[in-house]
Structure formats: C-alpha cells, structure tokens
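Written below as structure tokens is the structure these notes are about.
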Protein chains: 2
Amino acid sequence: MAPAVLHLNTQQLEYLVAVADASTWAEAAASLGVTQSALSQGLSQLERRIGVPLFDRTGRRRVLHPGAGPVLRYARRVLGETHDLARWARAVGAGEAGQLRVGMIDLAAVGPFGPIVQRFRRERPNVELHLAVAPSAVLGEQVLAGELSLAVIVEPSPNRGDLDLLPLWRDDLGLYAPEGQPAGPPATWGPWVTFPATSHTRRLIGRRLAEAGAGFEVVAESHQPEVLRSMVALGLGWTVLPVAQAEAAPNPLRRAQPEPLMSRQLVVARRFGAAPDAAADTLVGHLLERAAELRGPTPEGRHPVLP
Amino acid sequence: MAPAVLHLNTQQLEYLVAVADASTWAEAAASLGVTQSALSQGLSQLERRIGVPLFDRTGRRRVLHPGAGPVLRYARRVLGETHDLARWARAVGAGEAGQLRVGMIDLAAVGPFGPIVQRFRRERPNVELHLAVAPSAVLGEQVLAGELSLAVIVEPSPNRGDLDLLPLWRDDLGLYAPEGQPAGPPATWGPWVTFPATSHTRRLIGRRLAEAGAGFEVVAESHQPEVLRSMVALGLGWTVLPVAQAEAAPNPLRRAQPEPLMSRQLVVARRFGAAPDAAADTLVGHLLERAAELRGPTPEGRHPVLP
DNA sequence: CATATTGTTCAGTTTATCTGAACTCTCAAC
DNA sequence: GTTGAGAGTTCAGATAAACTGAACAATATG
C-alpha cells in the first residue's frame, strides 16, 4: 500500500505546523492563504500518507494527537531547512552566495585585475570564489567544459563560436633581443625563445613576425614569462613579450625598438548558454569598470603599460 | 514569481540524489522505477522551483553543477529525516513505538494488572507509556477527551454510549462494620463512610443497599480506600469496599458477613471511533490474558480475591 | 431555540506528474 | 562520412493530486 519511500511535500508539512501553532483551523488556513477545505483535505492526505493517526477525532473536530510529536518535530525541522534553502537560493540569485570559479592568464591575475578578484572575495564572503591561473587555451577549454564560470584570456585567433567573448583590455607586446644585438631589419631577428606551440599568444606572435618578414625559428619554449626573460638575458635568443612582464622590476629587459611590436586582445570568456550566474555577472562588471578606469585618463589610441 | 515559501516534495529530492549518485540519468531513473522522461521533467521542475541553476547544460546534456552542493546536501538531509520518519511510522503501526496514555483505578493499578503495565513498558521501551491513577469517573472523562487511549475503570452505571467497554474483571465488595457491631438485618446497618458522590462505585453501593432495604446515610467520604478503612476501624461508620482493599495486609478489616455483599464490573474503556492504536490493542490483549489467567484455575462462578 | 463558528464532505476545476513516442545530440564504429 | 546506439529532451495525452466553492454537520453562544 505505502510506497517504499514516503512521498511528502512541504506544503502539507506547513499545514501541520500551522494547525499546531494556530488556535483554530480556520485561523491556520487563513494564515496560509488557503481555504479551510484545502487544509482539512491536505491534512487528511498527510495523515493517510504517514499512516499514523495524527489527530484525535472527537465528534467531527480533529485536534492534534500528542503522539504526533515526532511528526510535528520532523515537519518543523524540514520546514526550517527548506526556509534556509530558500534564503540561500535568493542570495545566489542576487550573486551574494554560491560558487564562482574564475580563470585568468598570469598577466591578468597578477596585473591590475588581480585586486578586483580580491575585492570581490572580500565584499562577498559568502561566495566561494576559486581562481585558476593557466594559459588561455587551457582556460578556454575549462570554460567550455563548465569547469569555470568565466576566464580572462587572450582572444582565440579563430573564435570557436561557442565562447561568448567580451573585450577587456588591449595589451602591448614589445620586441626583446639579447644584450648588444641591435634591432636591424626583421629578416635579421631571431632565433626565438617563446611560448609553447599551444599558446594563443605564440600563434599571434608567429603571425605578426611572418607579416613583418622575420623568421620564427624557436630554440626554447616556456609558458612562464620570467623564464623567457632570463633566457633572453642569457643570450639564448630573442623574444616578444607583454611589456608589463618583460620590463617588470627585477632584471627588466630593454626593448630592442621603442614601439610595441604588436598587441593582443584580452577578453572575458564565458560559455554561450551557460546558466545565469549573478555572481559572475557582477565580477565581469567590476573587471570592465577597472579596464575603463585604466584606459580612461590616457589619450585615445594609446594604452598605458600595465602597472 | 516564487511563492513566499518553497513548495518542494520528497520525490524530486530523490531524483536529485539519485542523479548525483548514479553515473547516468537513465540508470538513476531505472533505480527509482520511473522513466527518464519523468526524471528529466521532475528535475527541471525542481530547478525552476528553487530558482538556482542546478545543472550545467553542455549541449543537451545536463550535469550536476558543483554550485548545487547546498541543494544536494539539503536533499540528503531531508530524505534522511523522511526515512527516519517512515521507520518510526512503521514502528507505531506495529505498536512498537509512539505514545500510550493509560488510566487505571487504584485497585487495578496496584493489583494484578499493575505488573502487566510494567511488563509492557519493559518489553516496548520505545513506547512512551504513561499511567494515570484516578477514580473511574475522572478516567472516563479523560478517555472521552482523548487524553487517555484507554482506562481500566468500574463499569459506568448508565453507559454513555460513547465509550467502548470491554469486560475485564468482576470484583467482589464486602460489608464492613466497626468492631463489635454485628451485621443484623440490613435496616440496622449504617451510618456509612464511603466514596464521594461522583464515584461510580458509590452509586453501585447505594443502589445495592437500597435493594437490600438498608439506609445510606453517609457521614464521611474519601476516594482513598485506606482512609475509609481507618474510619471504620475508628468506629465512624460502616462501609462497603473491594475485599482486596479492605482486607489488605496492615490492619485488615473483618467482614461483617462472610458472603460478599455485591460485585462490580471492571472494564477496559476506550473511545468509540478512536484512532487505531496498535500499542493500545496489545496492552488490552495482555490485560485480558491476565484476567483469564486469574479466573482460569478457579471453579465457574467464583472469583478469587485479588492478591 | 435561533445563530454564528468551526470543520467536514462533495462536486467540479485546475494543476502536477507520469507514460510513451518522437526527436536532438553525441560518440564511436565502420 | 555515414550510420547506429545511447542519452536526454520535448511533446501530447492520461492519471492523479490539490484547490475552490457550496452544502452540510456539529458545537458553542446568545
């Protein structure tokens, strides 16, 4: 007769608690915004489902049976937890709770966008924020796989169409040669130390060098800008790096030519058709604001070097 | 949009947990004995109600979103409690749990039926058993009010019709006179010390004395047999008492005539239309067994004095 | 005794939930 | 490629649950 598991619903539990708390059923029904009839039928149903008499029937009137204590306690517990869940759901809807997994390429994470993440973490302590730093290609895959809600990456050369890309920041890359090798005509540049073949930036650099008429013989690779910088300093080869990374505090490289060789577009990537995520929306908003702030005070067309 | 309170039901929570535990939704659906379709629709419904994305949609496939952790934990908690409730309900159905409030008149509680109650308490520790000792009239009212599940009382003279009475035991009452006053013709008996006017037994005694042609001038009253006994011993008046109580160990009275004057019927009283109560049924069964046991070895028509 | 209050019961309607079938995607095999 | 199996969704229709409104029964209250 009874199914293997009890199939109850929260509103019948509400009926029970309301009846226990109110002095009359009519009052309880009113407080719930239903008719007496619904209350009466709902409680009969609940009693039938649990299979334990919950009420004493004196004549036509039903009063809560004291032996129903465990059921009432159960109802209160479940309703309490349900209430908590609803509160949590509201907070998630407002972007004030939940989980947020964010990816950033190294430059973004340690550059001016890192503090944005820290601020977000501070301002929304109930959002469980996780930051992953990795190359653009890796992060792009993770966004697609749903492992990340969003990532700040280098714009993929052929946009695969299933990522929603939002321009964030245009980033200058300079040309760096070993000490004492002057930048002659492009044909004389190289050999190169640069990012691994999977890297978006490497692809961009390759394309730019071809355009300029330079060769692109790669003699050493690393994902880490610091490693590339040391290699150049040691005279292993030339490189093209974001100026912010090449010319950072300890042992900065000196540009082989004053003008940036090229630039790359950093974007915020999200998956098309991803579930709405208020927390992610908020963080993206902050990132865009920060980018506008950085861009703002400088004349049109020029980009300040990232601090 | 969302109602003030979340209206969830346990089966959708089961769907969620099943999906979290199974490797495919088809498997989860099979384990629950429903179609994939039902599972899919049920989970969509659940997601809509909670208002928080629970799944990552990659193409058409949905996988549980890690941010749904709190919902999953909620579901597991609620299902756990529901499971406990179901177990409790089964136990109550078998009379092995729940609450049982029993009333007994003093003679029954301290007589041979008291140990039955104790045994029941020992054998079913999960049944919360409460024993109330009071006069029949009081207990009858409490049974009617649903405060007691059953009571062992003196059969009410006019049965009010709303009590279900089960004969348990016929109890002899003797005639007791102050020391030195022989039992002459009934017209010479008295004056009397006896139970208060509300007492069933007093009414029975009154009727019997009238039948015998004796007066019934009452000079003192008490619900306590010991008090009545002392009064008789002190010479205040005559009384009619259950022989078990009048002739109990310390300071027993001596009967004014060897034959019992009358008898009264003890019954198990329950309310008509009371909720089925397996624990009460069991206890009544034990009481009847005990009564049969006491009656059994004696010849027909005679009743042993209660020990 | 009339009358308001309270709760139940009964039709009828609305809403949920299920099944079964058609359909979309993905993945892997040929 | 293309073909087919597996997984999941969507849709229409059936079934069951829950609600409303009205009629009714039982209790208080004047």
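The model shown is predicted, which means the values in this text are computed figures rather than measured ones. Below, read A as the first sequence line, B as the second, and so on, with proteins coming before strands; counting in each chain starts at 1.
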| query | Less than 4.0 Å between a side-chain N and a carboxylate O, is that true for B:Arg101 and B:Glu128? | reply | no
| request: Give a yes or no on whether a salt bridge exists between B:Asp281 and B:Arg270, defined as a side-chain N under 4.0 angstrom from a carboxylate O. | output: yes
| query | Do B:Arg76 and B:Asp21 sit within salt-bridge range, that is, some charged N less than 4.0 Å from a carboxylate O? | reply | yes
| note | Taking five pairs at each terminus, the helix from C:dC1-D:dG30 to C:dC30-D:dG1 shows an axis bend, to 10°, of 20°
| query | CZ of B:Arg48 versus C1' of C:dT15: gap in Å, rounded? | reply | 13 Å
| query | Could you state the CG-P distance from A:Leu13 to D:dA18, rounded to the nearest angstrom? | reply | 12 Å
| query | Within this structure, what is the CG-to-P distance between B:Leu39 and C:dA16, rounded to whole angstrom? | reply | 19 Å
| Salt bridge check: are B:Arg202 and B:Glu221 linked by an N-O gap of less than 4.0 Å? | yes
| request: May I ask you to say what B:Tyr15 touches in the nucleic acid, namely base, sugar-phosphate or nothing, with a heavy-atom cut-off under 4.0 Å? | output: sugar-phosphate
| query | Whole-Å distance between D:dC24 P and A:Gln36 CD? | reply | 17 Å
| request: Check every atom of C:dC18, C:dT8, C:dT17 against the side chain of A:Ser40 and return the nucleotide holding the closest atom. | output: C:dT8
| query | Is there a residue in residues 20-31 of chain A whose heavy atoms reach under 4.0 Å of DNA chain D, and which residues are they? | reply | none
| query | So does A:Arg77 pair up with B:Glu81, basic N to acidic O under 4.0 Å? | reply | yes
| message | If the condition is ring-ring contact (aromatic ring centres under 6.0 Å, His included), which residues does A:Phe120 pass it with, not counting sequence neighbours? | response | none
| query | Of all the nucleotides listed (C:dC18, C:dT9, C:dT19), which has the minimum atom distance to the side chain of B:Ser37? | reply | C:dT19
| task | Give one of base, sugar-phosphate or nothing for B:Gln41, where a contact means two heavy atoms less than 4.0 Å apart. | result | base
